[in-house]
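This report concerns only the one structure given below.
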Amino acid sequence: MKKTYKKIIALFVVGVFLGSCQDDLDQTPIDPDSFTEQNVFASPDEAKGALAKLYASLALTGQEGPSGQADISGIDEGTSQFSRMLFSLNELTTDNAVVGWGDPGLPNLHEMNWDANNDFTTAMYYRLAQEVSFCNSFIENAQSLADDAEVAYYIAEARFLRAFAYYNLIDLYGNVPLVTVVSTELPEQSRRSETFDFVESELLEIQDLLKDSQSNEYGRVDQVAAWALLSKLYLNAKVWTDQDKYTDAVTYANKVLGSSYSINMTDANGNGTAYDELFLADNDTNGAQNEFIFALNFDGNQSRTYGGTTFLVHAAVGGTMEPSDFGVNGGWSGLRTTSALVEKFDASATDFDSDGHPVQWADMRAMFHADGQNYDINTIANTFTDGYAVTKFKNVDAQGNAGSDAGGEFVDSDLPIIRLADIYLVYAEAVLRGGSGGDINTAASYINELRQRAYGSTAGNISAADLTLNFVLDERARELFWEGQRRTDLVRYGLFTSNSYVWPFKGGVKNGTAVDSYRDLFPLPANIISINSNLTQNTGY
């Protein structure tokens, strides 16, 4: 059974659904004060319900579930969900994923030829801006109850969620308005470095205002989440602010690594691997939850959406794949991966097809379906069998039982946004980039812990001499693919737009090609630019 906090989120999402197609965007965030009227803050218990909306705004899409009373109007509701948008912008634009659907603006993502009117880049901007608005309103209204110890925790959590929204805004869009109060004025544009400084200062201030490691309800953040986000912020500081903060990245990674969170190493059921369990329907109880520092919570009955893991499971099923093996009622025949990702696992391949392509691996993170699939992609559109399918996310528990939705439509699996394995890799990269406070041998031991889980033995272990920046980048691909991180990683390494690394159909060319470097950032939405004369569009758009 999902934990208590998921039930709180469910207060905001009841009802049935009807599917719809992608519409052209004319998005308007719902009034952020609509859920924070004065009577909502009459007591700490009622304030907790308003806090749930801040979490739900990232996991869900509106007030009634998969469709109805959407938080953002003018876009098909399911596609507007935060993690689905994160996948679209940070995975579909890279070597990790392609999708065969032709929704307006979608093919442009992998081809890397989007513009300022792109549906998906626009949708993400609105989703994150809405989260900021909701958080600002909550923080302002909750001050009347700030003397209550629990409400003080709620305010700190709201500040974390606002900082997280801005972390994504500066990653994806660069210079954005920095708004920290409820206001009707058109905001000024802040430099990326200014917003970076705000996120840093907020996380530093709230680290001791949040609850201790794993002492909060499942689904709510604690102080370790602040440390983890700080470590990731500092790892990207050189790109985002032109300031080297690798020592700070090591410092806060060490704080995370010294906390009570742990890598899910043991598969107690004998039906899979400990890595598999991270992405199953019972990942809130099967041990994986001890690795999840910040996760979005989903429930097939209580919190329904066409984004989240419902999207990741359904959209990845097609061809010869059996939907029941994934705990769902059918596949959407959309998502696959490219040979560039599969090749990251080639060294551990144990079986090959007649053409010499790998179909089985010693590294159990190589979660691909090769049967009936072509290794190489000749065409992306409407051709599910071009490219290996991905079997990473499933709506079954560790015993193989399907999720709670009897109809098999909506998925129970929670989605990790920050997990401990990520911070192991942050530590290793920051050390390799010159950060002090860590050492290469410790970094190698952390990497080997992940690889021992992946191989089920020490067969994949490396030495400290093997640990290079390129190895860490590839290890991040192996460990974290489809978890919304790849574009950020490639930008940090200078590989996202350059000709130094290409993948199938990068730049719209079958064998891949470089694109203009301005595409390291997405454009601000064209309609926002036209409304607010204080804003300047990103270069190239």
Side-chain angles (χ1 to χ4, degrees), residues 19-25 75-76 78-81 84-124 306-307 310-321 323 326 328 330-343 355 357 368-393 481-482 484 486-487 490 496-497 501-516 519 522-523:
S20 62
C21 296
Q22 172 77 19
D23 295 320
D24 290 337
L25 286 177
I75 180 176
D76 175 72
T79 62
S80 75
Q81 189 267 333
R84 183 165 174 174
M85 290 293 97
L86 189 65
F87 183 95
S88 294
L89 300 192
N90 264 6
E91 302 289 346
L92 284 179
T93 57
T94 76
D95 53 343
N96 274 5
V98 298
V99 65
W101 306 327
D103 307 51
L106 190 57
N108 304 97
L109 296 180
H110 193 77
E111 294 174 2
M112 304 182 80
N113 60 5
W114 56 79
D115 60 25
N117 293 297
N118 183 273
D119 291 2
F120 295 85
T121 62
T122 300
M124 181 59 123
Y306 282 113
T310 292
F311 163 72
L312 289 174
V313 175
H314 278 283
V317 173
T320 65
M321 303 167 77
F326 297 83
V328 293
W332 298 350
S333 300
L335 300 177
R336 298 97 68 202
T337 193
T338 76
S339 57
L341 176 61
V342 179
E343 287 169 1
D355 295 319
H357 297 138
F368 304 121
H369 178 89
D371 178 54
Q373 301 293 125
N374 299 320
Y375 183 76
D376 295 310
I377 297 175
N378 293 303
T379 179
I380 293 176
N382 303 314
T383 309
F384 184 81
T385 53
D386 267 13
Y388 280 6
V390 170
T391 61
K392 187 168 184 174
F393 297 91
F481 71 92
W482 282 31
R486 185 59 170 168
R487 173 198 146 273
L490 291 174
F496 182 59
T497 55
Y501 176 56
V502 296
W503 51 84
F505 287 95
K506 176 179 180 177
V509 175
K510 182 178 179 181
N511 294 324
T513 189
V515 298
D516 291 330
R519 294 194 182 277
F522 293 108

Would you find a donor on one side and an acceptor on the other, under 3.5 Å apart, between the side chain of [X] and the backbone of [Y]?
X    : Y    : result
N118 : G105 : yes
S88  : R84  : yes
H110 : P504 : yes
T93  : L109 : no
K392 : L312 : no
T122 : D119 : no
R487 : L89  : no
N108 : W114 : no
W332 : F311 : no

Next on the checklist: Using side-chain heavy atoms (C-beta onward) and a distance below 4.5 Å, is V390 in contact with F481?
Outcome noted: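 Yes; the side chains approach each other to less than 4.5 Å.
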Next on the checklist: Could you tell me if the side chain of M85 sits less than 4.5 Å from the side chain of F120, heavy atoms only?
Outcome noted: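 They are in contact (side-chain heavy atoms under 4.5 Å apart), so the answer is yes.
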List, one per line, each side-chain donor-acceptor pair under 3.5 Å for residues 374-381, sequence neighbours excluded.
unit_1, atom_1, unit_2, atom_2, d
N374, ND2, D386, OD1, 2.6
N378, OD1, K510, NZ, 2.6

Checklist entry - Can you check side chain to side chain contact (heavy atoms under 4.5 Å, CB included) on R336 and F384, steps first, answer last? => result CA-CA 7 Å; R336 298 97 68 202; F384 184 81; 3.5 Å; yes
Item to check | Between H369 and T320, a side-chain donor and acceptor under 3.5 Å | outcome: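 Short answer, yes.
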